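This report concerns only the one structure given below.
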Number of protein chains: 2
Amino acid sequence: MSINPNVAVVASLLGETSRSTMLSSLMDGRFHTASELAFMSAITPQTASFHLSKLVEGNLINVEKHGRHRYYQLANKEVAHLIETFLAISPPPEVRSLKQSNQVKLLQEARTCYDHLAGKLGVALTNSMLNANYLKKEDRVFIVTLKGEQFFTDFGIDLTELKRKRRSFSHACLDWSERHYHLGGALGNGLLTHFFELNWIVHVPSIRAVKVTDRGREGFKQIFNINM
Amino acid sequence: MSINPNVAVVASLLGETSRSTMLSSLMDGRFHTASELAFMSAITPQTASFHLSKLVEGNLINVEKHGRHRYYQLANKEVAHLIETFLAISPPPEVRSLKQSNQVKLLQEARTCYDHLAGKLGVALTNSMLNANYLKKEDRVFIVTLKGEQFFTDFGIDLTELKRKRRSFSHACLDWSERHYHLGGALGNGLLTHFFELNWIVHVPSIRAVKVTDRGREGFKQIFNINM
DNA sequence: TCTATACTTCAACTATAATCGAAATATAAA
DNA sequence: TTTATATTTCGATTATAGTTGAAGTATAGA
C-alpha cells in the first residue's frame with residue numbers, strides 16, 4: 001500500500017549495473033547506438049536490447065531509428081539531474097585495470113556532464129569566474145554580475161539568446177569527482193559549445209571525457225588564469 | 001567495467017518496493033521504529049529487519065538504539081533530495097482502496113517534505129510569499145527581499161539564526177504532487193517549525209500529511225491570504 | 001539478388017533476492 | 001524471576017530477473 005508515486009519502478013531500472021552503465025554513458029548528452037551501449041556495459045547485444053527497451057518503456061531514454069541503427073539518448077534533463085544526484089551520493093567504483101584507472105583520471109580531469117563542463121576543469125573554470133567577479137554564487141544557482149555580462153559578451157556568448165531558452169539558466173551542479181559545484185544550465189552549455197567551437201577542447205572517443213588542446217591550454221591560461 | 005561511481009549500488013537499494021516505501025515514510029524527517037516501518041510497508045518484522053540493515057549498510061539511513069526499540073532516520077539531506085527527485089519523476093501510484101485514496105488526498109493537500117512544508121498548502125504559501133514580494137525566485141532558489149526580511153522578522157522568524165545553519169538557506173524544491181516549486185532549506189524548515197509552534201498545523205498519525213487547525217485556517221487567511 | 005550488419009524476439013537456464021516460520025537475543029515491566 | 005515486547009538471525013522456499021544461444025526481421029550495399 002504505497003502512498004507515494006512509485007519510486008521503486010524507476011529506481012529498479014537504475015538498480016542494475018548494465019543499465020546504470022548505459023545511462024552513465026549517455027550522460028555525455030550525445031546519441032549512442034545499441035551496439036555501442038552494449039559494448040560499453042560489456043554485455044551481448046541481445047541483453048542490451050532487452051535493457052534498452054525497458055529503459056524506453058520507463059521513459060528514461062528515447063530512441064530514433066536511422067537505417068539499421070537505433071540511436072538512444074537520455075529522455076530529458078530531469079533524468080540527467082537524477083543520475084548526477086546519484087553520482088554525488090554513490091560510492092566510488094573499484095578500480096580493476098590500468099586502463100580503467102587512466103580513464104577515471106581522464107574523467108576527473110575534464111568531462112561533460114550532460115551538456116556542460118565538469119571535472120577539475122569545470123570546477124576550476126567556475127572558481128575562476130567567481131574570483132573574477134563574473135559570477136556570484138547564491139545557494140544553488142550562479143548569478144551573472146554586471147562585470148560578468150560584459151565579459152561573456154566580449155568572449156562571444158549571447159546571454160539574451162541563452163536566457164530565452166526554456167531551461168535553467170545557470171544552476172550550480174554538484175560534481176561527484178570534485179565534490180564542488182560547477183556551472184550548469186544554459187550558460188554552462190553555452191560555454192561548453194563555445195569551447196568546442198574555439199577548438200579549446202575535443203572529445204575523447206568512447207568515454208565522456210574531453211581533452212584540452214594546445215590552443216585550449218593557452219586560452220584557459222590567458223582568459224581564465226587556469227594552468228593545466 | 002563501470003567507470004562511474006556505482007549508481008546501481010544505491011539505486012538497487014531504492015529499487016525494491018518495501019525499501020522505497022520505508023524511505024518515503026522517513027521523508028517526514030522524523031524517527032520511526034523498525035516495527036512502524038514494517039507495518040507501513042506491509043511486511044513482517046523479519047523482512048523489515050533484513051531491509052533496514054541493508055539501508056544502514058548503504059548509508060541511506062541511521063539507527064539509534066533506545067531500549068528495545070531501534071529508531072531509524074534518513075542519513076542526511078542528500079538522501080532526502082535524491083528521493084524527492086525520484087518522486088518528481090516517478091509514475092503516480094495505482095489507487096486501490098478508498099482509505100488509500102483519502103490518504104493520497106491528505107498528502108496532496110498538505111504534507112511535510114523532509115523538514116519543510118509541501119503539497120497544495122506548501123505551494124500556495126510559496127506563491128503567496130512571491131506575490132507579496134517577500135520572496136523572489138531566481139532559478140532554483142528563492143531570494144528574500146528587503147520587504148521579506150521585515151516580514152519574516154515580524155512573523156517571529158530569526159533569519160540570522162537560520163543563515164548560520166550549515167545548509168541550503170532557501171532552495172526551491174520541486175513538488176511531486178503539484179508539479180510546482182515550493183520553499184525548502186533552512187527558511188522552509190523555520191516556517192514549518194513556527195507553524196507547529198503556533199498550532200496552525202498538526203501531524204496526521206502514521207502518514208506524513210499535516211492537517212490545518214481552525215486557528216491555522218484563520219492565520220493562513222490573515223497573514224498569507226490563503227483560503228483553505 | 002545475395003551478403004553483411006544492426007538489432008530484436010523467443011526459449012531455456014541460472015543465480016539471486018525477497019519472503020517468512022522458527023528460534024534466539026535483548027530489554028522493559030510486573 | 002517471569003512475562004511481554006522489539007528486534008535479529010537462521011534456514012528453507014519461491015519467484016523473478018538477467019543472461020545467452022538460436023533464429024528471425026530490417027536495412028544497406030555490392
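Since we're looking at a predicted model, the values are computed, not measured. Just so it is clear: chains get the letters A, B, ... in the order the sequence lines come, proteins before strands, and each one is counted from 1.
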- Query: Between B/T44 and C/dC20, does any side-chain N or O lie under 4.0 Å from OP1 or OP2?
  - Reply: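 Yes, such a contact exists.
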
- Phosphate oxygens OP1/OP2 of D/dT20: is one of them under 4.0 Å from a side-chain N or O of A/T47?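 Checking A/T47 against D/dT20: at least one side-chain N or O falls below 4.0 Å of OP1 or OP2.
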
- Message: Under a 3.5 Å distance rule, please check whether A/R19 uses its side chain to pair with a backbone N or O of A/A48 as donor and acceptor.
- Response: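 No.
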
Given [options], identify the nucleotide with an atom nearest to the side chain of [X].
{"X": "B/I43", "options": "C/dC20, D/dT19, C/dT8", "answer": "C/dC20"}
{"X": "A/Y72", "options": "C/dT8, D/dG18, C/dT19", "answer": "C/dT8"}
{"X": "B/R68", "options": "D/dT20, D/dG18, D/dA6", "answer": "D/dA6"}
{"X": "A/S49", "options": "C/dT9, C/dC20, D/dA6", "answer": "C/dT9"}
{"X": "B/F50", "options": "C/dT8, C/dT19, D/dG18", "answer": "C/dT19"}

- Figure out the CZ/P separation between A/R70 and D/dT27, and round it to whole Å.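 Distance, rounded to whole Å: 9 Å.
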
- Query: Separation of A/Q46 atom CD from C/dA6 atom C1', in whole Å?
  - Reply: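 Going from A/Q46 (CD) to C/dA6 (C1'), I get 12 Å.
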
- Query: Can you find a side-chain donor-acceptor pair between B/T47 and B/T44 that sits under 3.5 Å?
  - Reply: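 On atom types as modelled, these side chains qualify, holding a pair under 3.5 Å.
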
- Item | Touch class at under 4.0 angstrom, heavy-atom based, for B/S18 against every strand present |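 Sugar-phosphate only.
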
- Query: Does the ring center of A/H69 lie less than 6.0 Å from the ring center of A/H32?
  - Reply: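 Ring centroids of A/H69 and A/H32 are no less than 6.0 Å from each other.
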
- Message: Less than 6.0 angstrom separating the ring centers of A/F220 and A/F195, yes or no?
- Response: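 Distance test on ring centres: under 6.0 Å, yes.
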
- Message: Given the structure, check if the side chain of A/E16 and the base of D/dG18 hold any donor-acceptor pair shorter than 3.5 Å.
- Response: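 Answer is no: no donor-acceptor pair is held.
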
